[in-house]
2 protein chains.
Amino acid sequence: MSQSSLKQEIRRRAKNFQRVRAAHQTEVAEDYVELIDDLIAETGEARVVDLADRLGVTKATVNNTVQRLVREELATSQPYRSIFLTPKGQSLARKSRKRHELVRDVLVALGVDEETADADAEGIEHHVSKETLAAFRKFLGRGE
Amino acid sequence: MSQSSLKQEIRRRAKNFQRVRAAHQTEVAEDYVELIDDLIAETGEARVVDLADRLGVTKATVNNTVQRLVREELATSQPYRSIFLTPKGQSLARKSRKRHELVRDVLVALGVDEETADADAEGIEHHVSKETLAAFRKFLGRGE
DNA sequence: TGACAAAGTTAGCTATGACTAACTCTGTGG
DNA sequence: CCACAGAGTTAGTCATAGCTAACTTTGTCA
């Protein structure tokens, strides 16, 4: 490999690490909006205490994060009231859920048991590119 | 679903989120030791400046993280000298590389192009359980 | 109707992991 | 043999994301 293409390769990989780090910052938001959407569907409202229980964190942590979601215009909240999603938040929630299900289904198709597949999909889903999602859909025979 | 199994389900999912968060804390360490191992193999030594270039961060950031690796007994370093892995660090590096390659190969087998597969594997590899890795090996016909 | 439990909030702490800027050390080429 | 460029380090800042402890608000039921 030439000197210049070696440098290019190094830069390409660096960009990739940067992409992964960026994905991390969106993960939390995706997990929250998906859960908020679920809770509203299941119980009619999304409360701090329920998010805390389901995420395995304290109410204080949920509060902090919800404030970030509000700042990013993914959610709305009034003091002492339950949390709602903005249209932007809803669309992110649905996109996240679909992606989660696709990843889980691929894992199951590869022979992973359902519970493990669901658990692993939670970590994996945030790092799957559009191209890979398309390949997954094709693999499962769900159109391109 | 009964009340008690609903609660169990909630606890199970909370544990899973906690597991994913814990995985995040090991990701950085895994990326570093893998790169350090690569650099030593390729160039004979692992320098701060090369790690910084390849990870897309500054030298200061690399320094901080290397100190954490030393604290966790994954690496050793003397001031103004290059970085080495402890046996524990080497074993983590090799485990990480194998896992990365396995994930990449599965993605390629599913029809993802090589460059995308390698890029996505970087984010995904840290969230794949033993069970799923075993299923991947079986899927690729590489023994159980 | 008001006490109190449950829910929500706030304040203040920790660690990680990123940054810049300013510094020191190393080692090599003139 | 030493100047200086390049490498490494340190100090100080910021945001995220977690925690506990202490507080306030809400809403229910005796």
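Below, chain A is the first sequence line, B the second, and so on; all start at residue 1.
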S.K.: Could you state the CZ-P distance from A/Arg54 to C/dA7, rounded to the nearest angstrom?
M.R.: 13 Å
S.K.: I want to check one thing: is the phosphate of D/dT9, taken as OP1 and OP2, less than 4.0 Å away from some side-chain N or O of B/Arg47?
M.R.: no
S.K.: Round to the nearest Å and state the distance from A/Gln67 atom CD to D/dA17 atom P.
M.R.: 13 Å
S.K.: Tell me: CG of B/Leu51 to C1' of D/dT9, nearest whole Å?
M.R.: 15 Å
S.K.: Passes salt bridge (charged side-chain N to carboxylate O under 4.0 Å, His left out), B/Arg97 versus B/Asp38? Steps please.
M.R.: CA-CA 10 Å; B/Arg97 183 177 309 103; B/Asp38 284 348; 2.7 Å; yes
S.K.: Send over the distance from A/Leu39 CG to C/dA7 P, rounded to a whole Å.
M.R.: 13 Å
S.K.: Once you round it to whole Å, what is the distance between P of D/dG18 and CD of A/Gln25?
M.R.: 13 Å
S.K.: Please pick, from D/dG18, D/dA17, D/dG8, the nucleotide with the shortest atom-to-atom distance to any side-chain atom of A/Tyr32.
M.R.: D/dG18
S.K.: From the set D/dT9, D/dT16, C/dT9, return the single nucleotide nearest to any side-chain atom of B/Lys59.
M.R.: D/dT9
S.K.: Between B/Thr61 and C/dG17, is there a side-chain N or O to OP1/OP2 distance below 4.0 Å?
M.R.: no
S.K.: Could you work out which one of C/dA18, D/dA7, C/dT9 sits closest to the side chain of B/Asn64?
M.R.: C/dA18
S.K.: Using a distance-only test with no angle check, is there a side-chain donor-acceptor pair under 3.5 angstrom linking B/Asn16 and B/Arg13?
M.R.: no
S.K.: Reckon B/Val28 touches a base, only the sugar-phosphate, or nothing at all at heavy-atom distances under 4.0 Å?
M.R.: sugar-phosphate
S.K.: CZ of B/Phe84 to CD of B/Gln90: how many Å apart, nearest 0.5 Å?
M.R.: 11.0 Å
S.K.: Rounded to whole angstroms, how far apart are OH on A/Tyr80 and P on D/dG27?
M.R.: 12 Å
S.K.: Roughly how far, to the nearest 0.5 Å, is CG of A/Leu102 from CG of A/Leu107?
M.R.: 9.5 Å
S.K.: Can the ring centres of B/His100 and B/His126 be said to be less than 6.0 Å apart?
M.R.: no
S.K.: Whole-Å distance between D/dC19 P and B/Gln18 CD?
M.R.: 8 Å
S.K.: For A/Asn63 and D/dA22, what is the distance between atoms CG and P respectively, to the nearest whole Å?
M.R.: 18 Å
S.K.: Identify which nucleotide among C/dT20, C/dT9, C/dA18 has an atom closest to any side-chain atom of B/Thr58, counting heavy atoms from C-beta outward.
M.R.: C/dT20
S.K.: Indicate whether OP1 or OP2 belonging to C/dG17 is found under 4.0 Å from a side-chain N or O atom of B/Thr65.
M.R.: no
S.K.: According to a strict under-4.0 Å criterion, is B/Arg81 in side-chain N/O contact with OP1 or OP2 of D/dG8?
M.R.: no
S.K.: By nearest nucleotide on DNA chain D, pick out whichever of B/Arg21 and B/Pro79 is the more 5' one.
M.R.: B/Pro79
